[in-house]
Amino acid sequence: MSETRAAEKNAATSPLLEILDLEEIEAGVFRGHSPAAAPPRVFGGQLLAQALTAASRTVPGGRTAHAAQIVFLRGADPARPLDFHVQDLHDGRSFGVRQVAVRQGERAVCTVTVSFQDTEQGPEHAVTAPAAPPPDRWPTYAHALGPMSGRLGAIPDVVRPFDLRYETEPPWAGAARGPGRPAHRAWLRAVERLPDTPLSHQAALAYATDLTLVDSILLGHGVYWGLDPVTMVSLNHSVWFHRPFRADTWLLYDCESPTAGQGRGLACGRFFDEDGRLVASVVQEALFRLGPRGHEGAR
């Protein structure tokens with residue numbers, strides 16, 4: 001059993017650790033499950049986090065992920081197990097690359113490429129964090145939702161593993177006033193303490209990258225999930241890890257959408273720790289259509 005795996009097994013059970021608890025069913029193939037409370041389709045952040053976890057189980061000790069890219073092919077059924085087939089593409093002196101094919105039976109769900117690197121020293125620079133009051137100044141996600149919780153479908157379920165606090169106005173409130181600035185910020189951290197292994201925190205952050213990012217696209221058009229006729233389906237999603245961090249301490253997620261058009265929207269995000277260090281960057285492209293069309297067959 002790997003060091004990461006042993007640390008996960010010894011940690012207190014949490015919703016997030018249950019999601020990341022994959023079973024190796026044969027060499028290079030891992031099986032994962034969705035939580036009991038899940039949206040109609042498997043949450044994209046869950047797929048990315050589980051695929052990163054599967055890939056990390058096959059790399060030499062000491063290497064951590066520096067980039068992960070996922071291309072979504074079709075929706076996955078949360079009632080069925082997910083199989084993660086890991087292919088070793090490269091192991092060099094400092095870097096390694098794994099490709100993960102995620103399947104439900106014979107049905108391909110998505111492909112994920114994860115790049116790993118040995119710890120290395122080098123020149124550094126980074127943008128500064130935006131000025132933001134500390135997280136204890138803002139209401140919890142549950143308090144901010146209030147009576148809205150019943151109207152937003154499964155969104156509260158996918159947020160549950162994290163303490164999420166909007167530093168700007170909650171997106172459903174901003175959207176109610178019509179089109180506005182396509183940007184927002186939120187503080188977040190894992191609800192329970194995570195194992196003291198870097199890959200556990202990277203997988204947790206991979207999950208969190210998909211919680212609020214595309215809300216910035218919706219804000220630019222004055223619409224929100226469950227409140228307006230809008231179709232949004234993730235097409236691809238990338239995350240880059242810049243510096244060590246803990247996902248069970250507060251991180252500021254600064255999100256904006258630079259463009260939308262031709263039925264697609266683009267959203268960009270940056271994570272800063274409480275010391276103002278940039279620790280990760282994210283970009284997601286999503287199918288984005290206004291109107292009563294549903295998710296199925298949206299592509």
Side-chain angles (χ1 to χ4, degrees), residues 1-9 11 16-35 38 41-78 80-120 161 194-195 197-210 234-241 247 280 282-284:
M1 182 179 292
S2 70
E3 179 183 349
T4 300
R5 181 68 165 172
E8 289 179 357
K9 283 294 186 183
L16 189 56
L17 291 180
E18 288 180 354
I19 289 170
L20 300 179
D21 186 19
L22 306 183
E23 173 192 4
E24 186 169 13
I25 57 177
E26 59 182 87
V29 182
F30 302 84
R31 178 160 292 169
H33 300 273
S34 300
R41 299 183 312 160
V42 176
F43 174 54
Q46 173 191 324
L47 291 169
L48 181 58
Q50 289 175 321
L52 193 156
T53 300
S56 72
R57 301 265 175 85
T58 71
V59 298
R63 286 188 175 173
T64 57
H66 72 87
Q69 292 85 30
I70 181 169
V71 176
F72 297 96
L73 304 176
R74 53 177 56 87
D77 181 355
R80 300 177 58 199
L82 294 151
D83 289 338
F84 299 83
H85 299 256
V86 182
Q87 182 181 1
D88 181 349
L89 297 185
H90 174 69
D91 269 322
R93 288 181 296 177
S94 301
F95 290 84
V97 181
R98 300 293 186 269
Q99 187 171 70
V100 185
V102 185
R103 309 185 67 87
Q104 284 191 319
E106 297 301 314
R107 187 179 175 89
V109 173
C110 59
T111 60
V112 185
T113 303
V114 186
S115 300
F116 297 87
Q117 182 186 13
D118 291 332
T119 300
E120 188 171 328
L194 300 175
T197 54
L199 288 165
S200 297
H201 293 269
Q202 290 182 328
L205 189 69
Y207 181 101
T209 60
D210 201 24
S234 296
L235 299 174
N236 50 75
H237 186 108
S238 299
V239 55
W240 296 267
F241 303 105
V282 190
V283 175
Q284 183 173 22

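Here the structure is a predicted model, which means the values were calculated and not measured. Here, residue 1 is the first one in the sequence, and each next residue gets the next number.
When side chains are defined from C-beta on, Leu52 counts as touching Phe241, because their heavy atoms get closer than 4.5 Å. Counting heavy atoms from C-beta outward, Arg107 and Asp77 have side chains that stay 4.5 Å or more apart. Side-chain contact between Pro35 and Glu18 is absent, with no heavy atoms from C-beta onward closer than 4.5 Å. Ser34 places none of its side-chain heavy atoms less than 4.5 Å from the side chain of Phe43. Side chains of Phe116 and Asp91 form no contact here, defined as non-hydrogen atoms less than 4.5 Å apart. A heavy-atom distance below 4.5 Å is not found between the side chains of Ser56 and Val114. Taking 4.5 Å as the limit, some side-chain heavy atom of Ile25 sits within range of a side-chain heavy atom of Asp83.
For the pair Asp88 (side chain) and His90 (backbone), a donor-acceptor distance under 3.5 Å is present. Side chain of Arg98 to main chain of Thr58: a donor-acceptor pair is present (N/O by atom type, distance under 3.5 Å, no hydrogens or angles). Formation of a donor-acceptor pair under 3.5 Å by the Gln99 side chain with backbone atoms of Thr111 is not found in this model. No donor-acceptor distance shorter than 3.5 angstrom exists from the side chain of Gln117 to the backbone of Ala67, with no hydrogens or angles considered. Side-chain atoms of Gln202 never come within 3.5 Å of backbone atoms of Thr64 as a donor-acceptor pair (strictly under, hydrogens ignored). Between the side chain of His201 and the backbone N or O of Ala247, at least one donor-acceptor pair lies under 3.5 Å.
When every heavy atom of Phe72 is checked against every heavy atom of Asn236, the shortest pair comes out as CD1-N, 4.0 Å. The minimum heavy-atom distance linking Phe84 with Ala54 is given by the pair CB-CB, 3.8 Å. Here the shortest heavy-atom pairing between Ala203 and Thr53 reads CB-OG1, 3.5 Å. Nearest heavy-atom pair, Asp210 versus Ser234, reported as atom, atom and distance to 0.1 Å: OD1-OG, 4.3 Å. The shortest non-hydrogen separation linking Arg74 to Ala108 is NH1-O, 2.7 Å. The nearest pair of heavy atoms linking Ser200 to Leu20 is O-CD1, 4.4 Å.
With rounding to the nearest 0.5 Å, the separation of CG in Leu235 from CD1 in Ile70 is 11.5 Å. Atom CZ of Arg31 and atom CD of Gln50 lie 12.5 Å apart (nearest 0.5 Å). To the nearest 0.5 angstrom, Asp118 atom CG is 11.0 Å from Arg93 atom CZ. The CZ atom of Arg103 sits 12.0 Å away from the CG atom of Leu82 when rounded to the nearest 0.5 Å. Distance check, rounded to the nearest 0.5 Å: OG1 of Thr209 to CG of Leu205 gives 6.5 Å.
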**Study point:** side chain to side chain contact (heavy atoms under 4.5 Å, CB included) between His237 and Leu47, worked out
**Key:** CA-CA 11 Å; His237 186 108; Leu47 291 169; over 6 Å; no

Practice item. Report the C-alpha distance between Phe95 and His66 in whole Å, list the side-chain angles of each, state the deciding distance to 0.1 Å, and finish with yes or no for ring-ring contact (aromatic ring centres under 6.0 Å, His included). Key: CA-CA 9 Å; Phe95 290 84; His66 72 87; 5.5 Å; yes

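Residues passing the side-chain hydrogen bond (donor to acceptor under 3.5 Å, both in side chains) test with Ser238: none are found, sequence neighbours excluded.
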